[in-house]
Amino acid sequence: EDDGLHGWPLHQIRPVVAILTGYERSARLEMRPIPVGAEDLDDVTTLGRIMKKEGEDRELDYVHSEMFKEAAICGLSVAYVGVDYTEDPVYGQPFVLKVKPGEVCWDPDAVEYGLRDARDVFWFKVVPLDELKAGYPEHAEALEEAASMLSSIYPEGPIYVPSTDPADAYRSPSDDAIPLFDPVRKELMVLEGWYRVWDTVWLLVNKQTQEVDQFEEGDPGLPMARAAARELPGTYKIVSRRRKRIEMTVMVPATFLELERGNPFDNDDEDYPMVPCVAYREGNEIQGVVRNLKDPQREVNKRRSAMVQNVSEHGRIRWFAHHGALENPEFFTDPTIPVGHLRNPDKKPEQVVPPAMPQWVVDMDGRAKMEIREISTVNADLLGYRDRDDSGIAIARRQQQGQIATTELFDNYRRSRRLIGRRFARRCQQTYSAERVVRLAEQAAAGQSAWLKVNERIADPQPGRVSIQR
């Protein structure tokens with residue numbers, strides 16, 4: 001367009017992305033917990049059936065596929081593993097949500113894949129005012145006052161703040177910034193911040209039996225543990241350790257109004273609920289499949305636009321004719337006129353043949369398309385193209401080569417799924433902590449027992465005791 005040419009995009013990258021996402025969808029694996037020992041087999045079997053049921057209810061496979069596609073294109077996608085209490089306020093429902101691009105950012109100095117070494121993770125969300133007041137009724141008046149104040153200060157339109165967008169790599173500037181406040185749509189930016197805190201725990205160690213008792217600050221047994229270590233130094237010793245925990249806060253950045261504080265996950269205060277899926281990482285730079293294909297695709301589009309422009313300008317049929325050679329000269333310009341009448345049969349108009357497209361231009365166009373496949377490592381055999389007649393063994397070898405070249409992408413995706421599975425298992429354990437009876441639809445369809453009893457309370461033969469069978 002800058003050169004005055006009409007754009008003719010060919011989208012040679014789309015088949016590459018389609019074949020990768022197709023492989024992922026066709027080879028889906030069920031997410032299951034793995035027992036550490038034989039004593040965990042029954043509990044793991046029950047947890048696996050619960051995870052399968054909740055995963056099907058929340059369409060977890062499709063969330064994973066969307067996450068993989070976004071990571072393949074943009075280089076980065078983020079999933080949030082949480083518990084939803086809006087439909088089931090008693091127990092809650094575990095879920096996995098693919099976060100919109102640019103809404104999540106974290107400590108830029110973090111190097112671990114699962115963000116375990118990140119000091120903080122921030123999630124910027126745009127929420128309608130009525131939903132905020134419904135979710136936090138105790139702050140409804142303060143939220144309404146904040147919206148009225150911002151509307152009076154900025155009545156013309158939304159206020160935008162810089163954001164991050166993984167279109168090319170992490171921490172790249174975004175054109176679609178997140179609005180701090182939108183007075184027209186009555187929407188506020190809400191910041192959900194997860195950060196790392198440290199606690200001191202005290203360990204009372206029995207030197208003879210190697211038994212360890214743990215005490216926290218303020219524990220009533222901590223003074224006695226210190227006294228035992230002081231009076232019996234040959235038997236006991238007390239050691240302090242620093243323990244990491246993850247805390248959460250929800251606030252409105254426009255007015256610094258805090259809506260919520262604390263970790264909502266009772267059994268998971270060690271990991272962030274956000275899980276990234278990285279396609280390729282080179283140092284501090286994150287790239288997707290599309291990143292290295294942009295320039296070759298632009299080259300193809302520009303050359304094809306120049307070819308089309310050349311054909312449209314010079315490919316029309318032209319004539320050499322003497323002035324007044326035809327009785328109806330409009331024959332040259334009007335294609336609906338079938339016959340041109342000559343004034344002098346000896347002076348016929350001559351047709352000018354359009355110039356042929358240079359062969360080197362055509363060859364370069366074909367070569368550029370091949371370069372897109374070579375750079376992406378998704379060759380023609382993986383795409384299902386038949387460019388030459390080879391034996392089945394040779395085709396299989398090239399397909400294997402293409403699959404090996406994309407191993408890093410799929411391996412990172414499996415790594416993300418494993419991290420999501422661990423968090424999802426803990427969410428299932430949190431929501432299934434009480435005695436419940438669950439119906440499994442897939443078991444009923446197979447003609448097996450369709451009811452699963454979780455945390456069943458069983459009367460103990462000893463008076464006054466109740467056992468819980470998980």
Side-chain angles (χ1 to χ4, degrees), residues 31 33 47 50-68 70-71 76-107 113-116 118 120-128 131-132 134-137 139 178 188-197 244-252 258-277 415-434 436 438 454:
M31 192 165 53
L47 179 60
I50 293 174
M51 291 178 62
K52 182 177 181 180
K53 173 191 177 300
E54 293 294 339
E56 291 180 351
D57 292 344
R58 311 299 285 191
E59 296 186 337
L60 191 56
D61 287 339
Y62 297 98
V63 177
H64 285 159
S65 296
E66 294 173 0
M67 184 178 177
F68 173 81
E70 184 171 291
L76 174 68
S77 62
V78 181
Y80 174 83
V81 188
V83 179
D84 181 18
Y85 290 96
T86 57
E87 298 180 4
D88 188 352
V90 178
Y91 302 111
Q93 295 177 323
F95 71 93
V96 178
L97 173 68
K98 185 185 74 66
V99 182
K100 296 180 180 179
E103 288 188 349
V104 175
C105 62
W106 54 81
D107 178 13
Y113 188 90
L115 306 180
R116 289 184 62 90
D120 41 48
V121 178
F122 299 107
W123 184 8
F124 298 90
K125 298 180 285 187
V126 179
V127 185
E131 291 188 9
L132 274 179
Y136 301 95
H139 298 287
I178 302 174
L188 281 169
M189 174 195 287
V190 176
L191 169 62
E192 183 175 310
W194 296 81
Y195 54 94
R196 184 174 60 189
V197 297
K244 182 187 71 173
R245 291 190 299 107
I246 303 299
E247 289 290 331
M248 181 267 295
T249 181
V250 179
M251 63 177 299
V252 179
E258 187 176 41
L259 304 176
E260 184 180 352
R261 177 183 288 269
N263 194 327
F265 310 123
D266 302 332
N267 61 345
D268 188 11
D269 61 352
E270 301 174 356
D271 297 314
Y272 292 104
M274 288 78 170
V275 178
C277 180
R415 188 178 185 181
S416 299
R417 278 182 58 109
R418 183 167 59 250
L419 296 175
I420 292 174
R422 293 175 182 173
R423 290 160 175 75
F424 191 72
R426 293 186 178 183
R427 304 298 182 268
C428 290
Q429 290 174 339
Q430 177 178 341
T431 55
Y432 283 82
S433 58
R436 297 177 62 180
V438 185
V454 184

> Under the side-chain hydrogen bond (donor to acceptor under 3.5 Å, both in side chains) rule, what do E103 and W123 come out as? Steps first, then yes or no, please.
CA-CA 6 Å; E103 288 188 349; W123 184 8; 3.1 Å; yes
> Any chance you could measure L76, atom CG, to E70, atom CD, to the nearest 0.5 Å?
7.5 Å
> Would you say the ring centers of W106 and F122 fall short of 6.0 Å from each other?
no
> I'd like to check R423 versus P273 (side-chain heavy atoms, cut-off strictly below 4.5 Å). Are they in contact?
no
> Side chains of R245 and R196: does their closest heavy-atom pair fall under 4.5 Å?
no
> For a quick test of reading the model, state the closest non-hydrogen atom pair linking V197 to Y195 and the distance between them.
CG1-CE1, 3.5 Å
> Do the non-hydrogen side-chain atoms of V275 and V78 ever get within less than 4.5 Å of each other?
no
> Rounded to the nearest 0.5 Å, what separation is found between the CD atom of E66 and the CG atom of L97?
10.0 Å
> Do NZ/NE/NH1/NH2 and the carboxylate oxygens of K244 and E270 come within less than 4.0 Å?
no
> Give, for atom CD1 of I246 and atom CH2 of W194, the distance between the pair rounded to the nearest 0.5 Å.
9.0 Å
> Is the shortest heavy-atom distance from the side chain of V81 to the side chain of P94 under 4.5 Å?
no
> Answer whether the closest heavy-atom distance between the side chains of S416 and Y113 falls below 4.5 Å.
yes
> Taking atom CD of E131 and atom OH of Y136, what is their separation to the nearest 0.5 Å?
11.5 Å
> Answer yes if the side chains of E258 and T249 hold a donor-acceptor pair under 3.5 Å, and no otherwise.
yes
> Before giving the answer on salt bridge (charged side-chain N to carboxylate O under 4.0 Å, His left out), spell out for E247 and R261 the whole-Å C-alpha distance, their side-chain angles and the decisive distance to 0.1 Å.
CA-CA 8 Å; E247 289 290 331; R261 177 183 288 269; over 6 Å; no
> If I take atom CE from residue M248 and atom CD from residue E260, how far apart are they, to the nearest 0.5 angstrom?
4.0 Å
> Looking at Y272, does the NZ or CZ of R116 lie under 6.0 angstrom from its six-membered ring centre and within 45 degrees of the ring axis?
no
> Using 0.5 Å steps for rounding, measure from the CG atom of L47 to the SG atom of C428.
6.5 Å
> May I have the step-by-step check of side chain to side chain contact (heavy atoms under 4.5 Å, CB included) for L191 and V252, ending in yes or no?
CA-CA 6 Å; L191 169 62; V252 179; over 6 Å; no
> Are F95 and L60 side-chain neighbours, meaning at least one heavy-atom pair lies under 4.5 Å?
no
> Taking R426 as the fixed residue, which of D268, N267, D266 is the one that meets the side chain to side chain donor-acceptor pair (under 3.5 Å) rule?
D268
> Checking side chain to side chain contact (heavy atoms under 4.5 Å, CB included) for the pair E192/Y80: CA distance, chi angles, key distance, verdict?
CA-CA 12 Å; E192 183 175 310; Y80 174 83; 3.6 Å; yes
> How about L115 and P276: do any of their side-chain heavy atoms sit closer than 4.5 Å?
yes
> Quick check: closest heavy atoms across M51 and G421, and the distance to 0.1 Å?
CE-O, 3.8 Å
> With a 4.5 Å cut-off on side-chain heavy atoms, are V96 and I420 touching?
yes
> Test side chain to side chain contact (heavy atoms under 4.5 Å, CB included) on L188 and V126 and set out the steps.
CA-CA 6 Å; L188 281 169; V126 179; over 6 Å; no
> What verdict does the side-chain hydrogen bond (donor to acceptor under 3.5 Å, both in side chains) test give for Y85 and Q93, after you've listed the backbone C-alpha separation in whole Å, the side-chain angles of each residue and the deciding distance to 0.1 Å?
CA-CA 6 Å; Y85 290 96; Q93 295 177 323; over 6 Å; no
